[in-house]
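Since the structure comes first, as structure tokens, the remarks are kept for the end.
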Amino acid sequence: MKKPSVIIGKKQIIMTCLTLMLAIAVYINYASAPELSTKDTKTVTAKNDTVSYGETEFVNAETESVNASGSDYFAQARLDKMNNRDTAVQTLQSIIGGGDITEEEMVMNALDAVEVSKLIESEGTIESLIKAQGFEDCVAYLDGSTAKVVVKTAGLDKAQAASIKEIILDETEVDAENIRIFEVK
């Protein structure tokens with residue numbers, strides 16, 4: 001009887017490295033997320049005001065029906081974002097580790113995995129830079145063609161919106177008209 005031979009080729013090594021990089025990016029995003037806090041009990045009120053500043057649009061993301069503080073919103077948003085990313089990573093891993101795929105499909109899946117990793121890194125960088133501008137908290141959502149940023153502030157003026165927009169434009173290749181800034185008080 002012959003012993004089965006295990007051949008590890010370049011493709012398997014590349015796929016393993018890409019999967020490992022993606023897992024590390026997800027872990028870093030998870031580790032840098034703040035812990036949930038239930039100390040504040042402010043209510044958020046609803047408004048449908050939109051203000052146009054150049055090509056950036058303000059949208060007050062306040063709802064009366066939500067009885068949670070702004071910090072609870074950001075903690076929940078980070079958890080939701082992390083869960084969505086974990087699901088995407090698991091899907092990509094199952095596709096990459098799947099059986100009957102061609103070399104071209106494998107390369108496309110690897111490129112998708114790298115793109116997700118870049119988006120996670122860009123979101124973290126944008127959030128850090130916005131917080132460095134003096135905002136209490138923020139969450140960034142990128143999908144390649146659009147950028148949405150939710151900031152915690154008592155009032156967002158045009159100069160602050162412009163600085164947030166500039167950060168996003170510097171970090172991504174998103175068009176200015178596809179940037180949305182939401183304010184949570």
Side-chain angles (χ1 to χ4, degrees), residues 12-40 44 56 59 61-63 66 68-98 106-153 156 160-161 163-176 178-185:
Q12 288 79 18
I13 293 172
I14 290 171
M15 291 301 156
T16 303
C17 290
L18 288 173
T19 304
L20 183 61
M21 286 176 28
L22 189 57
I24 290 171
V26 169
Y27 175 75
I28 290 171
N29 192 23
Y30 174 76
S32 65
E35 295 182 21
L36 291 175
S37 172
T38 59
K39 293 178 183 176
D40 294 333
V44 184
T56 303
V59 181
E62 307 171 32
T63 61
V66 177
S69 70
S71 61
D72 288 344
Y73 168 80
F74 287 101
Q76 185 62 43
R78 282 191 179 87
L79 285 174
D80 291 344
K81 185 168 72 168
M82 192 176 5
N83 289 337
N84 291 339
R85 296 291 182 184
D86 289 343
T87 303
V89 168
Q90 289 174 352
T91 302
L92 284 171
Q93 286 176 341
S94 67
I95 291 172
I96 289 172
M106 192 177 296
V107 170
M108 292 302 293
N109 292 337
L111 291 175
D112 288 343
V114 170
E115 184 64 28
V116 169
S117 177
K118 286 180 183 178
L119 288 175
I120 291 170
E121 183 180 346
S122 294
E123 286 174 348
T125 303
I126 289 169
E127 289 171 3
S128 297
L129 291 173
I130 291 173
K131 287 179 187 176
Q133 292 283 328
F135 292 99
E136 188 175 334
D137 206 351
C138 75
V139 178
Y141 299 97
L142 301 175
D143 69 5
S145 62
T146 63
K148 296 175 182 105
V149 177
V150 181
V151 293
K152 183 175 183 179
T153 180
L156 191 65
Q160 291 172 324
S163 68
I164 292 171
K165 180 180 171 184
E166 185 177 332
I167 289 170
I168 295 170
L169 291 173
D170 288 345
E171 287 296 319
T172 65
E173 296 178 8
V174 174
D175 294 331
N178 292 333
I179 297 173
R180 300 282 186 257
I181 301 172
F182 299 90
E183 178 183 358
V184 173
K185 296 182 181 184

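Of the inter-residue distances, the one linking Thr172 atom OG1 with Ile179 atom CD1 reads 6.0 Å to the nearest 0.5 angstrom. Once rounded to the nearest 0.5 Å, the distance linking NZ of Lys118 with CG of Leu111 reads 8.5 Å. In this structure, CG on Asp170 lies 11.5 Å from OG on Ser122, to the nearest 0.5 angstrom. Of the inter-residue distances, the one linking Ile164 atom CD1 with Glu183 atom CD reads 9.0 Å to the nearest 0.5 angstrom. If you take CG on Leu119 and CD1 on Ile126, they are separated by 9.5 Å, rounding to the nearest 0.5 Å. To the nearest 0.5 Å, the span separating CD1 on Ile120 from CE on Met82 amounts to 10.5 Å.
Residues Thr19 and Cys17 fail the side-chain proximity criterion, which asks for heavy atoms closer than 4.5 Å. For the pair Val114 and Leu18, the minimum side-chain heavy-atom distance is below 4.5 Å.
Between Val174 and Gly144, the closest heavy-atom pair is CG2-O, 4.1 Å. When all heavy atoms of Ile130 and Phe135 are compared, the closest pair comes out as O-CD1, 3.4 Å. Taking each heavy atom of Lys165 and Ala176 in turn, the nearest pair found is CE-CB, 3.7 Å. In terms of heavy-atom proximity, Ala161 sits nearest to Leu156 at N-CD1, 4.3 Å. Residues Lys131 and Cys138 come closest through the heavy atom pair CE-N, 4.0 Å. Here the closest non-hydrogen pair linking Thr146 and Lys148 is OG1-NZ, 3.9 Å.
A side-chain donor-acceptor contact under 3.5 Å links Glu123 to the backbone of Leu142. In this structure a side-chain-to-backbone donor-acceptor pair under 3.5 Å is missing from Asp175 to Asn178. Between the side chain of Glu127 and the backbone N or O of Ala140 there is at least one donor-acceptor pair closer than 3.5 Å.
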>> Assess the residue pair Tyr141 and Val150 against the criterion (side chain to side chain contact (heavy atoms under 4.5 Å, CB included)); give the C-alpha distance rounded to whole Å, side-chain angles, the decisive distance to 0.1 Å, and a yes or no.
In response: CA-CA 9 Å; Tyr141 299 97; Val150 181; 4.3 Å; yes

Please assess Ile24 against Ile28 for the test side chain to side chain contact (heavy atoms under 4.5 Å, CB included), listing each intermediate value before the final yes or no.
CA-CA 6 Å; Ile24 290 171; Ile28 290 171; 3.8 Å; yes

One pair to check against side chain to side chain contact (heavy atoms under 4.5 Å, CB included): Leu129 and Glu171. What are the steps and the verdict? CA-CA 10 Å; Leu129 291 173; Glu171 287 296 319; 3.9 Å; yes

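Around the CD atom of Glu121, the shell of radius 6.0 Å holds no more than 12 heavy atoms that belong to other residues, nucleotides or ligands.
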